[in-house]
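Not measured: the values here are computed from a predicted model.
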Amino acid sequence: MKCSVITGPVYDRHDCPGHPESAQRLHTIAAHLPAGIPVLDPVAATAEDLGRVHKAGYLSWLRSLSPFPVTGTTKDPDLAAIQWFIDADTYITPWSYDVATYAAGAACRAADRARDGESCFAFVRPPGHHALPGWAMGFCIINNVAVAAARALDSVDKVAIIDWDLHHGNGTQEIFVKSDRVVYCSVHAEGLFPYSGAAVEIGTGPGAGYTVNAPLMPGSTIGDVAHVFTDLFFPVLERVHPDLILVSAGQDMLFDDPLSVMGLVPEDYGTLTSLLLDATGLSPAFVLEGGYGPGNPAAINAILESVDGRRFTDPLPEPSATTRARVRMFRKLHGITNDRAR
């Protein structure tokens, strides 16, 4: 299976030194990429792409606050020192709106390549899965994976989004909560920002059953997360038969992430990728979300190694009794009644 990555210096224009979500994140990832992997330039999402998921007034407001294009302008040191905080966590710079369009555009390009049979990882920022149709939050401005999924529906019937970030992707869920063409599967830590993603949030109207939330207890390990994949997510995917898989790839469940309350190690993300590849037979597109600790580059490399053919086959720890009980309940919520659950 082929694999490529998408990234570029355009993302440096959205920066707040000392903030967890700073330009240094991509510099560190790029410094540890495997030799020889193809690196593609990002492209900007079109206004039509953005308008599929975001309100026109919200986009206009963002542009008014952040009016400078990233091409054709120099990075004036005085402007580069300016950040406005939309809320306690989320900042923008004079270039952030345009940068965010390149993040969404890179997600679209990664989805196109995945649709054609080549896995692709879009190393983008700012991240996106908290961005709502009409508001920014949680470091996120434009919902990159949602823009890519909505655009892909022009050429495929159904899309699956697998979100393994530490935090629930409330923005992605809200955008597709009524859709029966996008299935959103999120495994996340319970009780953290944005305080959403309860198991009973399963979608509404035509989308009932197409939102699959698996909140796990703090301290969970790869045994717990893998159990969610094999006994909850994969039966749902078998039922939906998606044509394309997008992964909201936030590696902040790592034990050494400063925001984490979970116990994963870098190789565990290779395990999750291997499970996903073997269960679906599809080439996923990965879009960077969170991940702020020293283990993030190694986790990303484990993902890329798995896509390249390595299988992480070490025995997994058993899921906790609490996770087993939760997954049995999650399965009942989604009408999964075969005897696969343990």
Within-4.5 Å side-chain heavy-atom neighbours: Leu254 and Pro266: yes

Exceeds 12 heavy-atom contacts within 6.0 angstrom, atom CZ of Arg63: no

Least distance between heavy atoms, Pro319 atom then Asp224 atom: CA-OD1, 3.5 Å

Arg13 side chain vs Ser96 backbone, donor-acceptor pair below 3.5 Å: no

Ring centroid separation Phe193 to His130 under 6.0 Å: yes

Cluster overlap Val247 with Leu153, hydrophobic side-chain contacts below 4.5 Å: yes

Non-hydrogen side-chain atoms of Val147 and Cys108 separated by less than 4.5 Å: yes

Under the side-chain contact (heavy atoms from CB on, under 4.5 Å) test, residues paired with Ala107 that sit two or more places apart: Asn144, Ala148, Val287

Rounded distance (nearest 0.5 Å) linking atom CD1 of Ile37 with atom CG of Leu304: 4.5 Å

Leu272 side chain near Phe229 side chain, heavy-atom distance below 4.5 Å: yes

Value rounded to 0.5 Å, distance of CG in Leu26 from OH in Tyr11: 8.0 Å

Check: Arg181 and Asp157 side chains under 4.5 Å, non-hydrogen atoms: yes

Minimum heavy-atom distance between Leu316 and Ala226, given as atom pair plus value: CD1-CB, 3.7 Å

Passing candidate, side-chain hydrogen bond (donor to acceptor under 3.5 Å, both in side chains) with His168, options Gln173, Glu190, His188, Glu201: Gln173

Least distance between heavy atoms, Val53 atom then Ala150 atom: CG1-CB, 3.7 Å

Reported CG-to-CG distance for the pair Leu277 and Leu282, which is rounded to 0.5 angstrom: 9.0 Å

Minimum heavy-atom distance between Ala110 and Ala122, given as atom pair plus value: CB-CB, 4.2 Å

side-chain contact (heavy atoms from CB on, under 4.5 Å) involving Glu21 - partner list, sequence neighbours excluded: His14, His19, Arg25, Tyr91, Arg125, Pro126, Pro127, Phe139, Tyr292

Distance-only donor-acceptor check, side chains Asn170 and Ser196, under 3.5 Å: no

Heavy-atom donor-acceptor pair, Thr280 side chain to Leu276 backbone, under 3.5 Å: yes

Minimal non-hydrogen separation, Tyr210 against Ser179, with atom names: CB-O, 3.5 Å

Residue pair Trp135, Ile86: steps toward the side-chain contact (heavy atoms from CB on, under 4.5 Å) verdict: CA-CA 9 Å; Trp135 195 245; Ile86 296 173; 3.4 Å; yes

Linked, directly or transitively: Trp84 and Leu62 (ILVMFWY side chains, under 4.5 Å): yes

Point-to-point distance, once rounded to the nearest 0.5 Å, from CG of Asp268 to OG1 of Thr221: 7.5 Å

His227 side, atom NE2; Phe233 side, atom CZ - distance, nearest 0.5 Å: 12.0 Å

Arg310 to Phe312 six-membered ring, cation-pi geometry met (6.0 Å, 45°): yes

Sub-4.5 Å side-chain heavy-atom contact between Asp165 and Ser248: no

More than 12 heavy atoms of other groups within 6.0 Å of Met217 CE: no

Tyr269 vs Leu264 side-chain heavy atoms within contact, under 4.5 Å: yes

hydrophobic_cluster_shared for Phe68 and Trp61, side chain cutoff 4.5 Å: yes

Heavy-atom side-chain contact between Val159 and Pro242 under 4.5 Å: no

Test log, rule side-chain contact (heavy atoms from CB on, under 4.5 Å), inputs Ile161 and Ile245: CA-CA 6 Å; Ile161 299 172; Ile245 294 178; over 6 Å; no

Residues Leu288, Thr7; criterion side-chain contact (heavy atoms from CB on, under 4.5 Å); working and verdict: CA-CA 10 Å; Leu288 186 66; Thr7 196; over 6 Å; no

From CZ (Phe121) to CD1 (Ile6), nearest 0.5 Å: 11.0 Å

Hydrophobic cluster (4.5 angstrom, side-chain heavy atoms) - remaining members for Val43: none

Any donor-acceptor N or O pair under 3.5 Å, side chains His129, Thr172: no

Ser274 and Thr271 side chains, donor-acceptor separation under 3.5 Å: no

Sidechain N-carboxylate O distance under 4.0 Å for Asp278, Arg311: yes

Minimum side-chain heavy-atom gap Thr273-Leu275 below 4.5 Å: no

Minimal non-hydrogen separation, Pro42 against Val10, with atom names: CG-CG1, 3.8 Å

Polar contact flag, side-chain donor to acceptor under 3.5 angstrom, Gln251-Trp164: yes

Salt bridge present between Arg113 and Asp116 (N-O < 4.0 angstrom): no

Criterion side-chain contact (heavy atoms from CB on, under 4.5 Å) on Val183 and Cys185, from CA distance to verdict: CA-CA 6 Å; Val183 58; Cys185 301; 4.0 Å; yes

Leu333-Ile336 co-clustered via ILVMFWY side chain contacts under 4.5 Å: yes

Polar contact flag, side-chain donor to acceptor under 3.5 angstrom, Thr93-Gln83: no

NZ/NE/NH1/NH2 to OD/OE distance under 4.0 Å, Arg151 and Asp49: yes

Transitive ILVMFWY side-chain link Val265 to Val187, under 4.5 Å: no

